[in-house]
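Values below: every heavy atom of this structure, side chains too, minus hydrogens, waters and symmetry copies.
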Amino acid sequence: MHGDDIHLRLHRIRAERLEHEAREAPARRPDARPLRTRVGWTLVEVGLRMATPRGPGTARTALTARLDY
C-alpha cells in the first residue's frame, strides 16, 4: 500500500532530523558543572550540619536549618 510507504518515508525524514539535532546538541548545551558543583557543595553543607552535634541551647533539626545563600 502507498500509505505504508509514505509513513516509512516520513519516519526516515524525522529520524534524519533528530540525528542531525543530536549531533549539534553538545555544541549548544551549556556546561552543567557549575550547577552540579553548587548542588554538591550544598549537599556537603547540609550533611555537615546534620552531623555536627549541637549544644543543649541551640538544638536544631535538619528541617529547620537555614542555608545562608
Side-chain angles (χ1 to χ4, degrees):
M1 286 178 73
H2 291 286
D4 293 338
D5 294 337
I6 291 172
H7 176 75
L8 183 58
R9 180 67 184 141
L10 290 174
H11 174 73
R12 286 183 181 155
I13 290 170
R14 179 67 179 144
E16 289 172 4
R17 287 182 182 167
L18 288 174
E19 288 175 0
H20 179 72
E21 288 178 20
R23 282 192 299 270
E24 289 184 357
R28 294 183 299 180
R29 183 175 166 232
D31 188 15
R33 284 186 225 166
L35 176 63
R36 187 180 308 147
T37 301
R38 287 195 315 255
V39 170
W41 281 112
T42 301
L43 291 173
V44 168
E45 181 180 2
V46 169
L48 288 173
R49 286 183 183 207
M50 291 173 63
T52 303
R54 301 281 182 182
T58 60
R60 283 193 198 177
T61 65
L63 296 176
T64 60
R66 181 176 167 267
L67 300 176
D68 296 327
Y69 51 91

L10: side chain to side chain contact (heavy atoms under 4.5 Å, CB included) partners, not counting sequence neighbours
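L10 satisfies side chain to side chain contact (heavy atoms under 4.5 Å, CB included) with I6 once adjacent residues are dropped.
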Partners passing side chain to side chain contact (heavy atoms under 4.5 Å, CB included) against L48 (at least two apart in sequence or in another chain)
V44
Decide, yes or no, whether a salt bridge links R12 with E16 under the criterion of side-chain N to carboxylate O below 4.0 Å.
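Answer for the salt bridge query: no.
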Partners meeting side-chain hydrogen bond (donor to acceptor under 3.5 Å, both in side chains) with H20 (sequence neighbours left out)
E24
Under 4.5 Å between any side-chain heavy atoms of I13 and R9, yes or no?
yes
Euclidean distance, E19 CD relative to E21 CD, rounded to 0.5 Å
11.0 Å
